Amino acid sequence: MIQDTIAEIKNPALSIQDLCVYYDQNKAVKNVSVDIKKNTVTAIMGPSGCGKSTLLRALNRMHELYDNIRTEGKVLIHDQNIYDVPAIKLRRQMGMVFQRPNPFPTMSIYENVIAGYKLNGIRLKKGEKDEVVERSLRDVALWDEVKDTLHKKGTFLSGGQQQRLCIARALAFGPEIILMDEPTSALDPIATSKVEDLLVKLKENYTIILVTHNMTQAARISDYSLFMYLGELVEYGKTKNMFTNPIDPRTEQYLTGKFG
Amino acid sequence: MNTTENIRLQDTSKGRQLKDKLILGLVILLSLITISPIVLIIGKLVAKGYRQISLEFLIKNTPDTYTAMTALANGERIPGGIANGIVGTLIMVVLASAIAIPVGIIVGIFLYENPGKRLANFTRSLSDVLQGVPSIVLGLISYLWVVKHVTNGYSALAGAVSLAIMMLPMIVRSTEETLKMIPNTLKEAALALGTPYHKVILRVLIPTGFSGMFTGILLGISRVLGETAPLMLTALGSSMINLDISKPTSAVPLLIWEFYNDPNMIDLIWSSSLMLMAIVLILNLISKQIAKKTK
């Protein structure tokens with residue numbers, strides 16, 4: 001069920017049309033159609049196993065790594081179906097941040113930030129590299145904490161710092177959209193609030209799609225919310241409206257803690 | 001809790017403590033039994049072999065029987081050394097590694113990437129079987145392939161081929177196991193940055209698993225360093241340093257066998273064995289250190 005206000009989204013950053021994802025014969029995401037607005041934080045909420053991560057991972061074609069997962073439907077970015085462009089090109093437009101911080105253990109903090117360039121064989125001049133690293137780390141408010149230890153291994157940082165490093169790594173490559181799969185679920189409350197503040201700041205320049213099973217987090221930082229249940233898109237709308245006045249009874253039950 | 005129960009509890013706890021001590025004693029005893037052979041072996045080698053070890057021992061070729069006999073008769077230290085064996089072992093191990101390491105790593109990556117495919121399962125089982133093939137049989141195979149048809153005579157190349165076949169399954173296995181231990185999220189992280197697949201393997205997976213793979217390689221090398229049987233059928237041996245890989249070549253374990261068969265040179269067994277042991281031990285320690293560092 002889609003709220004009226006949503007129907008007006010023009011020039012969406014991403015237009016998901018009739019997307020289905022199957023694990024073997026099991027349909028995990030059922031015919032989801034959604035337009036994501038530019039420069040907003042859109043939260044995907046729902047109980048465990050409702051297909052939120054599966055939906056998110058379909059957007060940068062992560063499922064193609066696994067033989068037993070099949071995707072159907074269209075996802076348009078600038079009116080082009082993501083399944084028609086090379087996955088490599090697509091993934092450069094869409095950064096992804098994972099549930100657990102996963103910096104590359106063999107690389108220093110500095111190398112982790114520019115890993116996107118390094119791994120893709122894009123040569124930068126020393127000055128450009130320094131600039132990208134500093135800008136990305138400043139964006140994630142990590143610069144002051146690590147500027148003296150840039151050449152230490154990224155895995156020496158605390159969990160929260162590692163996660164911000166991973167966000168910086170995603171930002172460094174200049175994506176348009178950032179996909180986040182429960183980025184704070186492995187973090188303590190202080191680190192969580194830092195990451196949340198960061199997301200609110202980042203939406204000025206990026207479109208953020210955030211999977212979370214934490215309703216209060218969705219309420220705090222998202223502009224739009226998408227509620228999924230058993231693989232279906234139940235409700236999509238402005239977060240404020242959804243939390244104060246949900247249309248679908250299932251959304252209301254979930255938001256009031258009756259299940260999930 | 002009433003008193004009788006309390007007493008009963010104390011009783012059982014005493015019994016348990018006694019059992020605990022007994023088991024501990026047994027474990028210590030068994031551990032001692034396990035480590036005693038290696039301690040005794042090294043002790044014996046050092047005691048019997050240290051007198052022969054000198055710079056000369058490392059840089060001179062094996063003496064002939066007559067020289068050794070004269071030295072023995074005069075009560076002198078046997079002159080000469082095992083340089084021909086050391087050089088031959090080095091050449092063959094390096095050659096064997098050059099063959100086995102690239103092939104082993106590539107096959108290991110293939111097995112890791114295609115866990116369910118029939119070809120991979122087939123390769124994995126065969127590689128396990130290969131690991132169990134007696135080394136003398138590998139020597140025989142290399143004799144048939146290389147000695148008979150490639151070098152037309154005993155050669156270092158033939159020895160290296162038999163050693164390479166021995167190393168191969170070890171490297172395949174350690175590469176696959178190491179890669180399996182790398183969390184999938186790391187691979188996904190690299191792919192999510194738009195990295196092409198081959199670069200994910202080359203720039204992320206291999207560097208991350210490097211220490212594990214390196215440990216496997218070192219263990220494989222130390223395993224083939226001491227191989228004698230296949231070399232008897234392939235490299236044969238030589239009393240001079242030989243750098244031509246198509247000619248018969250000596251190796252330290254081959255020399256030990258030759259010394260054993262010559263009553264005049266039997267004293268050299270100990271020092272040569274000591275050298276071989278030392279190299280293997282050092283390689284083992286290095287691989288342990290590397291494994292520890294990256295944990």
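Fair warning: this is a prediction, and the values are worked out from it, not measured in the lab. Numbers restart at 1 for each chain; the letters A, B, ... are given by sequence-line order, proteins then strands.
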Enquirer: So, for N102(A) and T185(B), which heavy atoms are closest and what is the spacing to 0.1 Å?
Expert: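 Distance-wise, the nearest heavy atoms are ND2-O, 3.0 Å.
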
Enquirer: With a sphere of 6.0 Å drawn around NZ of K187(B), does it hold more than 12 non-hydrogen atoms of other residues, nucleotides or ligands?
Expert: yes

Enquirer: Need one label for N120(A): side chain, backbone, both or neither, based on atoms under 4.5 Å from any heavy atom in chain B.
Expert: both

Enquirer: So with a 6.0 Å cut-off around CH2 of W145(B), is the heavy-atom count from everything else above 12?
Expert: no

Enquirer: Heavy-atom count check: over 12 atoms from other residues, nucleotides or ligands less than 6.0 Å from F214(B) CZ?
Expert: no

Enquirer: Could you check whether atom NZ of K180(B) has more than 12 heavy atoms from other residues, nucleotides or ligands sitting under 6.0 Å from it?
Expert: yes

Enquirer: Go through the atoms of R169(A) and report whether side chain, backbone, both or neither lie under 4.5 Å from a heavy atom of chain B.
Expert: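 The answer is both parts of R169(A).
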
Enquirer: Surrounding CG of D67(A) (heavy atoms of other residues, nucleotides or ligands, distance under 6.0 Å), is the total greater than 12?
Expert: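 For D67(A), atom CG is not crowded (no more than 12 foreign heavy atoms under 6.0 Å).
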
Enquirer: Can you tell me if NZ on K152(A) sees more than 12 non-hydrogen neighbours from other groups inside 6.0 Å?
Expert: no

Enquirer: Give the table of side-chain donor-acceptor pairs shorter than 3.5 Å for residues 134-142 of chain A, with sequence neighbours excluded, one pair per line with atom names and distance.
Expert:
| from | atom 1 | to | atom 2 | distance (Å) |
| --- | --- | --- | --- | --- |
| E134(A) | OE2 | R138(A) | NE | 3.0 |
| E134(A) | OE2 | R138(A) | NH2 | 2.8 |
| S136(A) | OG | V132(A) | O | 2.7 |

Enquirer: Check whether Y197(B) gets within reach of chain A through its side chain, its backbone, both or neither, counting any heavy atom under 4.5 Å.
Expert: side chain

Enquirer: Which atoms of L119(A) come close to chain B, meaning under 4.5 Å heavy atom to heavy atom: side chain ones, backbone ones, both, or neither?
Expert: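 Answer is both: backbone and side chain atoms of L119(A) are under 4.5 Å from chain B.
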
Enquirer: Does N26(A) have more than 12 heavy atoms from other residues, nucleotides or ligands lying within 6.0 Å of its CG?
Expert: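 Counting neighbours around CG of N26(A), more than 12 heavy atoms of other residues, nucleotides or ligands fall under 6.0 Å, so yes.
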
Enquirer: Within a reach of under 6.0 Å around NZ of K27(A), are more than 12 heavy atoms found that belong to other residues, nucleotides or ligands?
Expert: yes

Enquirer: Can you tell me which of L186(B), N184(B), L202(B), V204(B) forms the most heavy-atom pairs within a distance under 4.5 Å of chain A?
Expert: L186(B)

Enquirer: Kindly give the heavy-atom pair with the smallest separation between M62(A) and E188(B), and that separation in Å.
Expert: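 Minimum heavy-atom contact is CE-O, 3.0 Å.
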
Enquirer: Minimum heavy-atom separation for T208(B) to P105(A), with atom names?
Expert: CG2-CG, 3.6 Å

Enquirer: What is the minimum heavy-atom distance between L193(B) and F104(A), and which atoms define it?
Expert: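 Reported closest heavy-atom pair: CD1-CE1, 4.0 Å.
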
Enquirer: Who in residues 81-96 of chain A is close to chain B, using a strict under-4.5 Å heavy-atom cut-off?
Expert: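 So the qualifying residues are I88(A), R91(A), R92(A), M94(A), M96(A).
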
Enquirer: Rounded to the nearest 0.5 Å, what's the gap from CZ on F173(A) to OG1 on T195(B)? Could you check?
Expert: 7.5 Å

